[in-house]
Amino acid sequence: MAEIGEGEETIEGRNVGAMWDLEQKLDQPMDEEAHKLKNMHKEKGLSTLMLLRLAFQSLGIVYGDLGTSPLYVFYNTFPDGIDDTEDVIGALSLIIYSLLLIPLIKYVFIVCKANDNGQGGTLAIYSLLCRNGKLKLIPDEQRSDQELTTYGRTFLPEGSVAEKTMSWLEKKDSRKRALLIIVLVGTCMTIGDGIFTPAISVLSATGGIKVNNPQMSSDTVVIVAVLILVGLFSMQQYGTGLYNIFIYDTSVLKAFSPTYVYMYFRRRGRDGWVSLGGILLSITGTEALYDDIAYFPLIAIQLAFTFFVFPCLLLAYCGQAAYLVQNKDNYANAFYESIPDSIYWPMFIVATGAAVVGSQATISGTYSIIKQAVAHGCFPQVKVVHTSKKFLGQIYSPDINWILMVGCIAVTARFKNQNQIGNAYGTAVAVVMLVTTVLMVLLMLLVWRCHWLLILVFTVLSLVVEGAYFSAVLLKVNQGGWLPLVIAAVLLAVMLVWNYVKIKRYEFQVHSKVSMSWIISLGPSLGLVRVPGIGIVYSELASGVPHIFSHVITNLPAIHSVVVFVCVKYLPVYTVPEEERFLVKRIGSKTFRMFRCVARYGYKDLHKKDDNFENKLFNNLFSFIQIERMMEPVSNSSNSSSASICSQPHQSREVLINNNDMDMFSSMVDYTVSTMDTIIPLDIPSNAASFCQDRAVDEEETNELEFLRNGRDLGVVHIQGNTVVKARRNSSLPKKIAINYVYAFLKKICRGNNVIFNVPHESLLNVGQVFYV
């Protein structure tokens, strides 16, 4: 195992003259290879009937959490009882305008438009920002990535406020890191929702049992809630308003006047302000709505919320308020107390089912968030599987699922009452909303390029409303509000440690990568015995040769007759269409038998069990070679001398493709072959130029495609780097703990690339090295 310290040179004697020029020409970005693949992916439109159907279907999974809020809002608003019935009217007025301003106006019609091709959440906004500026801490993107159909970006006018702001953010890594931390804080709080939502929803729903059975203890209710939670998580892998208004008190409708909000605060003072923590629960689920918009088209969600969910929520809260005006002592279970006895049990079943559905929506959103965090390099690789063959967006993570289940049960058993769980839940929601507002301001300025007045109005209104809620939940930190802060702190520490080491590993690979000209200077045999078979070398580098390869060829006497450098990279896009996923190019001349392949994935793309990464890789490689071979008569038309071959300019590939009817390959790889990889300056050293003369070899005697197929039959070896990261001896104690223990533990339990890509154990070769940070 080699030991390499940070910043240590590993390849010495690199030329800076002609060899540097050679290096640039040999390792060109895959811009041409990507250009032809663009616009192959087409989205299908939706008929009006399908749109209405989807709008109906979205009611359960997207709005389940918002729909269960009436179970516990009034109890958490008045945990010590109702002193004045006018307070009920004031609280109802606050609920009405909270629902109007936050879920309806802000989220459904503004924030939800800030989706990444249908994907929502704080990480989706971060992806949009990264695509429109150099804000990623790992600079692994190339111009070819911008050719993706799903990439999409806007160019800022030079000298504009947006351009100056973007330049200010791009200038220092500390600013990029601060932006990432803000995003991760919101992400961690949203993951916390996956614990609190099932806990409070199910506990509130099952609490209705005590209405018909007053003698039942709270411990029994908790046990029933825990059993439902276990059942809820175990099933993950398979995938009365108007009546109360007219019966009790129609005067509650005056709460639609905003004057009652002012009168409420004037009458209750500080207690009224603290009660905002309970009012906030009426809009919980809004952040889950934004995270789950991937399941349905935005227009379907907007229709469902505007014409069905919003009116129904208003009626539900108005009906409870009407009941409480006449029965203020029954505030603890207002939802169930207001139900007529004849429909109590049917309503209890419906409420419990709604709590399960609402929890399901939040849990599903948590899986998606974790998957996004993994793609952004902020979370260890975890197992993610499809739960539906028809809908690829429906996923399940068994590791995360059981962690959430344990967390939900622990929270339910520890707090036992809705009030403390509600305080914790409210804190998490308030932080997520504030983070979303900050990111939306940047998005409106840098991506949408909105007028500054619109940005100002959005910012002021959002911060005033959400700031008020946040200040209220801060007053309840000692009453359960501390829990989401602790959970978020732990998750944030895990994400920051993982991201920090990932950045350092990438920097190490870039710094220690082998010069392409050095590889070429070794000649077609690479100075070794080329044994039959194919070696696939994995790396995070999209250009250059990884250090592990130099480590192999300097310590082993032989290397495979065919070498393929594979870079698997995750881009800040929601998906990379299958037909645009692979980019293939040749390294050096044909006698070297060396190729580079870049496999690109978005944060929603999954590696399914039935996917064979190796088969896809070779299919794209074979197609590339077939296309290249068909183009040989044109590219070799000037083969009177090896020098002229090597300086062959680019041909008109479009004409060639049309003549050869190459549409059969259009869905797999690009049908352009860049001759830049075989350009050799005339004044280069003789040992590096020797491969140019090898072009004179009669390649008709050996069919390269057949050669590769035979090599595959003889055996494929997957060569991966097994980097052990350690803190330097003079590092601080927190850094040693974070890297030597926290990161080491995470690395040990996370899934490796060999598992993700289903690499057989007998075909795997790990190359060990130690990297000191």
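Only a predicted model underlies this, so the values are computations on that prediction, with no experimental measurement involved.
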Could I get the full list of ring pair (Phe, Tyr, Trp, His ring centres under 6.0 Å) partners for [X], not counting sequence neighbours?
X: Tyr262; value: none
X: Trp482; value: none
X: Tyr97; value: none

Determine whether Leu99 and Tyr317 satisfy the following criterion, side chain to side chain contact (heavy atoms under 4.5 Å, CB included), listing intermediate values before the conclusion. CA-CA 11 Å; Leu99 288 170; Tyr317 285 113; 4.0 Å; yes

With side chain to side chain donor-acceptor pair (under 3.5 Å) as the rule and sequence neighbours excluded, what pairs involving [range] come up?
range: residues 273-282; answer: Tyr264-Ser275, Trp273-Ser471
range: residues 431-448; answer: Lys106-Thr437, Thr437-Glu466
range: residues 177-189; answer: Thr122-Thr187

Ignoring hydrogens, what is the shortest heavy-atom contact between [X] and [Y]? Give both atom names and the distance.
X: Trp498; Y: Cys750; answer: CH2-SG, 3.7 Å
X: Lys476; Y: Asn423; answer: CD-OD1, 3.1 Å
X: Arg449; Y: Pro157; answer: NH2-CG, 3.1 Å
X: Glu163; Y: Glu158; answer: CG-CA, 4.2 Å
X: Ile182; Y: Val435; answer: O-CG1, 3.3 Å
X: Leu746; Y: Val494; answer: CD1-CG1, 3.7 Å

Pair Tyr367, Asn401 - check side chain to side chain donor-acceptor pair (under 3.5 Å), show working. CA-CA 8 Å; Tyr367 299 151; Asn401 181 73; 2.6 Å; yes

Report the distance from atom [atom1] of [X] to atom [atom2] of [Y], rounding to the nearest 0.5 Å.
X: Ser462; Y: Ile110; atom1: OG; atom2: CD1; value: 7.0 Å
X: Glu580; Y: Thr575; atom1: CD; atom2: OG1; value: 9.5 Å
X: Ile403; Y: Ile400; atom1: CD1; atom2: CD1; value: 4.5 Å
X: Ile369; Y: Ser397; atom1: CD1; atom2: OG; value: 12.5 Å
X: Ile370; Y: Ile191; atom1: CD1; atom2: CD1; value: 3.5 Å
X: Leu281; Y: Ile95; atom1: CG; atom2: CD1; value: 9.5 Å

Is it the case that more than 12 heavy atoms not belonging to Leu453 sit under 6.0 Å from its CG atom? yes

With a 6.0 Å cut-off (strictly less than), is the heavy-atom count around CZ of Phe265, excluding the residue itself, greater than 12? yes

Apply side-chain contact (heavy atoms from CB on, under 4.5 Å) to [X] and list each qualifying residue two or more places apart in sequence or on a separate chain.
X: Ala738; value: Val497
X: Asn499; value: Leu137, Leu180, Cys378, Ile503
X: Val460; value: Leu456, Val464
X: Phe307; value: Leu303

Going by heavy atoms in the side chains, are [X] and [Y] under 4.5 Å from each other?
X: Cys567; Y: Leu541; answer: no
X: Ser98; Y: Ile279; answer: yes
X: Thr284; Y: Tyr425; answer: yes
X: Leu434; Y: Leu463; answer: yes
X: Thr190; Y: Thr366; answer: no
X: Ile96; Y: Leu100; answer: no
X: Leu442; Y: Leu179; answer: yes
X: Phe508; Y: Val773; answer: no

Taking [X] for the side chain and [Y] for the main chain, is one N or O donor matched with an acceptor at less than 3.5 Å?
X: Gln381; Y: Val374; value: no
X: Gln119; Y: Ala124; value: no
X: Tyr574; Y: Ser127; value: no

Determine which pairs satisfy ring pair (Phe, Tyr, Trp, His ring centres under 6.0 Å) with at least one residue from residues 106-137, sequence neighbours left out, and list them in order. Tyr126-His376

Before giving the answer on side chain to side chain contact (heavy atoms under 4.5 Å, CB included), spell out for Thr286 and Met433 the whole-Å C-alpha distance, their side-chain angles and the decisive distance to 0.1 Å. CA-CA 9 Å; Thr286 306; Met433 289 182 175; 4.1 Å; yes

Give every residue pair that meets the salt bridge (charged side-chain N to carboxylate O under 4.0 Å, His left out) criterion with at least one member in residues 107-130, sequence neighbours excluded. Asp116-Arg131

Would Tyr290 and Ile125 count as a side chain to side chain contact (heavy atoms under 4.5 Å, CB included) here? Give the steps. CA-CA 11 Å; Tyr290 181 43; Ile125 299 179; 3.1 Å; yes

Out of the candidates Arg581, Lys569, Arg600, only one should pair with Asp605 under the salt bridge (Lys or Arg N to Asp or Glu O under 4.0 Å) rule; please name it. Arg581

Please walk me through it: do Val185 and Leu492 pass side chain to side chain contact (heavy atoms under 4.5 Å, CB included)? CA-CA 7 Å; Val185 167; Leu492 184 62; 4.0 Å; yes

